Amino acid sequence: MSPFKFVGTLHRAFIFAFGMLLFSPAIVSAAPQDSGYRVIRTIHLGGEGNWDYVTVDADARRVYIPRSTHIIVVDEDSGKVVGDITGMNGLHGVAVTEFNKAFVTGNKTEQEGTIYVFDLKTLKLTSSIKSNSIDTDSLIYDPFTKRVFVNNGDGMNLTVVDAATEKVVGSMAFNANPEAAVSDGKGSIFQDLEDKRSVMEYDAKTLAVKNKWPTGPCVSPAGMAMDRTHRRLYVGCRGEGNVPGVLIVMNADNGKVLASMPIGIGVDGNVFDPGTGDIFATCRDSGDGKSGATYVFHADSPDKISLVATVKTIYGARTVALDPKSHHIFSIGTEQNEPPAPGAKNPRLRPVLNTFELLEIGK
């Protein structure tokens, strides 16, 4: 072989090897590309009291954070505390309505669930309503019916309140533990039933059950969000015990589970951003037992989602609220935590309450 032919052969071999290096499936990383999502702000709030849900009022530029007996109100733009609403007990979540009032789930005592109401302008408590149940927990406001739908966890039932009159106008027994719910804006409410591995659809006016579907690979459904345009439910699911869960995609018209993606441990909320097509699932534990994680997926099509980011957060940041205007999300937790209690059945870090903070995730 002449020297020129030998050099040409080497050149072609190099190109072939380089091409294999670039395109071989065994070598190309399956990790998502950098989407730009990150923790962009941390607001230290401190104080005492347990927490559950966080709520964003994008129009008023406020974030509402219930802490056992009071609600911290944070200006979303400045990050400053602009209010502290007191006089309540056993708080869980806030639902903002168009009637210049917000409804808050709480429990006056362990035997008396309570729905508190406060004025959005004055930030003053105005009234309270008996839920006629116990463990009054999560809630949503449905603009279609102008009603507030309140889940009573251990009570295994629903309380419905007319937002304008503040009167209880309905109730329904679930005979299961309700967690999150979402409205389709057209007269249906979708409710996950944590201990029954199922999602239920019921009529928002009559409360008649329309459908009930199994959640397939989802063991314990906890979070719920919806793409109303494409009629897709996104359900955040915990695993059985202290193990990772999944996020499933469900067809809201027939209950078919279309996709399932792994997430971390202890998910307690997820949201869908219709402006970007992104889905966020917040998990208490990323799996390392030291940090939390927010998983960001993108709806590539109605039936397919892909992971675009895993944002490490503080341990315990498990609930979430979306600002659809800024496309940022907010979560809450404590920066410092103590080791699990000795012999705990489900070992998890214990929060140091005075290190409580608000996290903002965005690009």
Side-chain angles (χ1 to χ4, degrees), residues 31-43 51-58 63-65 76 93-94 138 140 179-183 190 192 218 221-230 232-238 244-250 258-287 291-302 304-333 357-363:
Q33 296 180 354
D34 182 10
S35 66
Y37 282 111
R38 67 192 190 282
V39 177
I40 61 175
R41 184 168 54 160
T42 300
I43 301 170
W51 71 92
D52 199 351
Y53 300 103
V54 56
T55 299
V56 171
D57 183 345
V63 182
Y64 297 102
I65 307 168
E76 185 180 343
V94 174
S138 65
I140 63 168
E179 267 289 324
V182 67
S183 164
F190 295 89
D192 60 22
C218 168
M224 175 81 78
M226 185 175 190
D227 177 351
R228 293 181 176 89
T229 300
H230 298 104
R232 295 295 182 263
L233 299 171
Y234 302 108
V235 186
C237 309
R238 303 178 192 134
V246 295
L247 179 77
I248 65 169
V249 182
M250 176 180 282
L258 303 165
S260 175
M261 296 290 282
I263 55 175
I265 299 170
V267 64
D268 205 15
N270 52 280
V271 291
F272 171 73
D273 184 350
T276 63
D278 290 337
I279 310 109
F280 302 83
T282 43
C283 297
R284 165 177 52 84
D285 187 340
S286 65
S291 63
T294 293
Y295 296 81
V296 188
F297 299 91
H298 181 72
D300 302 325
S301 72
K304 179 186 176 184
I305 61 174
S306 59
L307 180 68
V308 297
T310 302
V311 182
K312 284 291 186 76
T313 62
I314 52 178
Y315 184 93
R318 65 188 189 275
T319 56
V320 62
L322 168 73
D323 180 344
K325 294 184 176 182
S326 67
H327 308 292
H328 291 183
I329 63 162
F330 293 82
S331 190
I332 45 181
E357 57 191 26
L358 173 67
L359 304 179
E360 182 176 0
I361 295 175
K363 294 184 179 181

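Since this is a predicted model, take the numbers as computed values, not measurements.
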Next item on the list: For the residue pair C283 and Y295, establish whether any side-chain heavy-atom pair is separated by less than 4.5 Å.
Entry: yes
Check: If every non-hydrogen atom of E179 is compared with every non-hydrogen atom of R238, which pair is closest and at what distance?
Finding: OE1-NH2, 4.0 Å
Next item on the list: For the residue pair I279 and H298, establish whether any side-chain heavy-atom pair is separated by less than 4.5 Å.
Entry: no
Item checked: Listed partners of I332 passing side-chain contact (heavy atoms from CB on, under 4.5 Å), at least two apart -> W51, V54, I65, T319, F356, L358
Checklist line | Worked verdict on I314 versus E357 for side-chain contact (heavy atoms from CB on, under 4.5 Å) | finding: CA-CA 9 Å; I314 52 178; E357 57 191 26; 3.5 Å; yes
Notebook entry, point to check: Looking at V249 and P302, what are the two nearest heavy atoms and their distance?
Noted result: CG1-O, 3.9 Å
Check: With side chains defined as the heavy atoms from C-beta onward, is the minimum distance between H328 and V56 less than 4.5 Å?
Finding: no
Next item on the list: Begin from the C-alpha positions of R38 and I361 and carry the test side-chain contact (heavy atoms from CB on, under 4.5 Å) through to its verdict.
Entry: CA-CA 5 Å; R38 67 192 190 282; I361 295 175; over 6 Å; no
Next item on the list: Report the distance from atom CZ of F272 to atom CG of L233, rounding to the nearest 0.5 Å.
Entry: 11.5 Å
Item checked: Spacing of M250 atom CE and R232 atom CZ [to the nearest 0.5 Å] -> 11.5 Å
Notebook entry, point to check: Going by heavy atoms in the side chains, are L247 and I305 under 4.5 Å from each other?
Noted result: yes
Check: So do S291 and S286 actually touch side chain to side chain, heavy atoms under 4.5 Å?
Finding: yes
Next item on the list: Heavy atoms only: give me the nearest S260-V246 pair and the separation to one decimal.
Entry: OG-CB, 3.6 Å
Check: Would the Y64 and Y53 ring centres measure less than 6.0 Å apart?
Finding: no
Check: Do D273 and H327 meet the criterion of a side-chain donor-acceptor pair at a distance under 3.5 Å?
Finding: yes
Checklist line | Main-chain N/O of T282 paired to T294 side chain as donor or acceptor, under 3.5 Å | finding: no
Next item on the list: Might you point out which heavy atoms bring V267 and A222 nearest each other, and give the distance in Å?
Entry: O-CB, 3.7 Å
Checklist line | Least distance between heavy atoms, A317 atom then S331 atom | finding: CB-OG, 3.4 Å
Next item on the list: For T42, enumerate each residue passing the side-chain hydrogen bond (donor to acceptor under 3.5 Å, both in side chains) test, keeping only those at least two apart in sequence or located in another chain.
Entry: none
Checklist line | Pair D285-R318, salt bridge (Lys or Arg N to Asp or Glu O under 4.0 Å): steps then yes or no | finding: CA-CA 8 Å; D285 187 340; R318 65 188 189 275; over 6 Å; no
Check: Just by distance, do the side chain of N270 and the backbone of Y234 share a donor-acceptor pair under 3.5 Å?
Finding: yes
Notebook entry, point to check: Which pair of heavy atoms, one from L307 and one from M261, lies closest together, and at what distance?
Noted result: N-CE, 4.0 Å
Item checked: From OG (S301) to NE2 (H230), nearest 0.5 Å -> 9.0 Å
Notebook entry, point to check: Is there a ring pair (Phe, Tyr, Trp, His ring centres under 6.0 Å) between Y37 and F280 once you walk through the steps?
Noted result: CA-CA 11 Å; Y37 282 111; F280 302 83; 5.4 Å; yes
Margin query: Under a 3.5 Å distance rule, please check whether R228 uses its side chain to pair with a backbone N or O of S183 as donor and acceptor.
Written below: yes
